[in-house]
Asker: 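Sharing a structure here in structure tokens format.
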2 protein chains.
Amino acid sequence: MARPRQFDEKNAVTSATELFWRRGYHATSVRDLGDELKLTPSSLYRTFTDKHTLFLRALDHYRATESAQARQRLDAADRPVREVLREWMLWLVTCPADGMSGRGCFVVNTATELGTADEKVRQRTEAAFEVTRQALRSVLAKGRDRGELSTDLDIDDAVELLFTTVLGLRVRERVGHDIEPLTTAIDLAIRVLGPAPTEPA
Amino acid sequence: MARPRQFDEKNAVTSATELFWRRGYHATSVRDLGDELKLTPSSLYRTFTDKHTLFLRALDHYRATESAQARQRLDAADRPVREVLREWMLWLVTCPADGMSGRGCFVVNTATELGTADEKVRQRTEAAFEVTRQALRSVLAKGRDRGELSTDLDIDDAVELLFTTVLGLRVRERVGHDIEPLTTAIDLAIRVLGPAPTEPA
DNA sequence: CAACTTGTGGAGCGATCGCTCCCATACTAG
DNA sequence: CTAGTATGGGAGCGATCGCTCCACAAGTTG
């Protein structure tokens, strides 16, 4: 009923996500958003309530697209754990750079900018982090079940290091560090998984 | 000559640093700074030129105090490398929490908030990062010279992982992660240094 | 002391902030 | 068609932004 929208809400959220991602929450003004999304203030506020709510929508959108894609890439691969992990981590610090380098991870940027002050934001960033840890956990478990990892390896411990490394990598991508040293860090991080057990068959 | 200042410039910079550290650049207003430093706008601008210049002063102050202290703690210790590294990394995610947890690292927060957009800021954050890498390098070199590390270990490679891990740890401290998982990550990161070479004497 | 120099306090500048309101517009329902 | 409803466009709200200006205060110098 009544007049239909002249804009696509999903496209708008996508644009908002890119803007917040690049500039952060405080440095992005409602007018910037209006220009980018091609929305007048009235439409923007009618649709998204306010800036903060739109930001939460952007965070959710990021998790549903970028984060979900990352999770998929990690889960789906049916190849040796070490290779999967290596390529996944390389992708994390490369793919965001489809001509779009230096953006880092929206979740990490948000988490450091807003800290723990904003509870709704905190819940979302923490949930995103937990998803990543869980994905790492299941990949390592798969590797162990396949006999690629020593049973001596404590998976939860390894997850903590890999996860922490990923956060560091995201920061380094954000500040424009070259891929080579990042690759070095990745290769070394994977080495903590220890050598592949020799087949006892 | 003429009327002397009623405030201490160093104290003012210290207060400004704490404010910028907690809230970030964009979320800290000049009025916030004025209230905290007990400076009227006129004194603030006469002394520090403008907000951006004061922010650079704050960054420099942080590097000269917090960062320098971190570097010292790493260099000074005359004990086994692994112990030194472990305690240093633990201190990094604990000490900032003298009742002041969740602040993370001012340099990391700044680097992710402002990215590479602000050249003067970028130079400073990058220089701070390089200092940390260099400190790690010299500690590892010392350990190798003492025979605590295998000569097979590529020190530059290890520096990349440890440095990346430190960035990740700083992010996790900022978002309020518990000390236990961080300790786990630290212990595992140190394990990439490999076992101590058995004395060939 | 007077003359000069520098710091302090505060009013207030223009610009921008997040946001609201109103009205013409453009659609659906009857 | 008319009546009803939600949108698009945009002026503009009060608040705050970074910052400036100026009269006055508090010192030093001769």
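Below, all heavy atoms of this structure are taken into account, side chains as well, without hydrogens, waters or symmetry copies. Just so we're on the same page: letters track the sequence lines, and every chain starts at 1.
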Asker: Keeping B:K142 on the side-chain end and B:D75 on the backbone end, is there a donor-acceptor pair under 3.5 Å?
Answerer: yes

Asker: What is the distance, to the nearest angstrom, from the CG atom on A:L37 to the P atom on D:dT7?
Answerer: 16 Å

Asker: Whether B:K51 engages the ring of B:Y45 as a cation-pi pair (distance to the six-membered ring centre under 6.0 angstrom, angle to the ring normal within 45°) should be assessed.
Answerer: no

Asker: Would you say C:dT25 has OP1 or OP2 under 4.0 Å from some side-chain N or O of A:R3?
Answerer: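 It does not, given that no N or O in the side chain of A:R3 lies less than 4.0 Å from OP1 or OP2 of C:dT25.
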
Asker: Which sits closer to the 5' end of DNA chain D, A:L39 or B:T28, going by the nucleotide each is nearest to?
Answerer: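 The residue whose closest nucleotide sits nearer the 5' end is A:L39.
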
Asker: Between the protein and nucleotides 19-23 of chain D, list the N/O to N/O atom pairs that are separated by less than 3.5 angstrom.
Answerer:
unit_1: D:dC19; atom_1: OP2; unit_2: B:Y45; atom_2: OH; d: 3.0
unit_1: D:dC19; atom_1: OP2; unit_2: B:K51; atom_2: N; d: 3.0
unit_1: D:dC19; atom_1: O5'; unit_2: B:Y45; atom_2: OH; d: 3.4

Asker: Quick one: is A:S43 getting a side-chain N or O under 4.0 Å of the D:dG8 phosphate, OP1 or OP2?
Answerer: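 Yes, because at least one side-chain N or O of A:S43 sits under 4.0 Å from OP1 or OP2 of D:dG8.
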
Asker: May I ask you to decide if A:T17's main-chain N or O and A:R57's side chain share a donor-acceptor pair within less than 3.5 Å?
Answerer: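 Judged by distance alone, no pair lies under 3.5 Å.
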
Asker: Between atom CZ in B:F7 and atom P in C:dT6, what is the gap in whole Å?
Answerer: 15 Å

Asker: For A:L33 and C:dT16, give me the distance from atom CG to atom P, rounded to whole Å.
Answerer: 16 Å

Asker: Please give, in whole Å, the distance from C:dC17 P to A:H26 NE2?
Answerer: 14 Å

Asker: Just to verify, which of B:I186, B:L169, B:L167, B:V166 counts as forming a side-chain contact (heavy atoms from CB on, under 4.5 Å) with A:T164?
Answerer: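 Between A:T164 and the candidates, side-chain contact (heavy atoms from CB on, under 4.5 Å) is satisfied uniquely by B:L169.
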
Asker: Just to verify, what does A:A141 make a side-chain contact (heavy atoms from CB on, under 4.5 Å) with, not counting sequence neighbours?
Answerer: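 Only A:R144, A:I155 meet the side-chain contact (heavy atoms from CB on, under 4.5 Å) criterion with A:A141.
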
Asker: Round to a whole Å and report the spacing from CZ of B:F55 to P of D:dG18.
Answerer: 13 Å

Asker: Can you find a side chain N or O atom of B:T40 that sits less than 4.0 Å from OP1 or OP2 on C:dG10?
Answerer: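 For B:T40, the contact criterion (side-chain N or O under 4.0 Å from OP1 or OP2 of C:dG10) is not met.
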
Asker: Suppose we screen for ring pair (Phe, Tyr, Trp, His ring centres under 6.0 Å). Which residues come up paired with A:F48, at least two apart in sequence or across chains?
Answerer: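 For A:F48, no residue satisfies ring pair (Phe, Tyr, Trp, His ring centres under 6.0 Å) once neighbours in sequence are set aside.
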
Asker: Measure the distance from CZ on B:R5 to C1' on D:dT28 and round it to the nearest whole Å.
Answerer: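 To the nearest whole Å, that distance equals 16 Å.
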
Asker: Round to a whole Å and report the spacing from CG of A:D35 to P of D:dG8.
Answerer: 16 Å

Asker: Can any side-chain N or O of A:W88 pair as donor or acceptor with the backbone N or O of A:A70 at less than 3.5 Å?
Answerer: yes

Asker: Between D:dG18 atom C1' and B:L44 atom CG, what is the distance in whole Å?
Answerer: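 These atoms are roughly 11 Å apart.
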
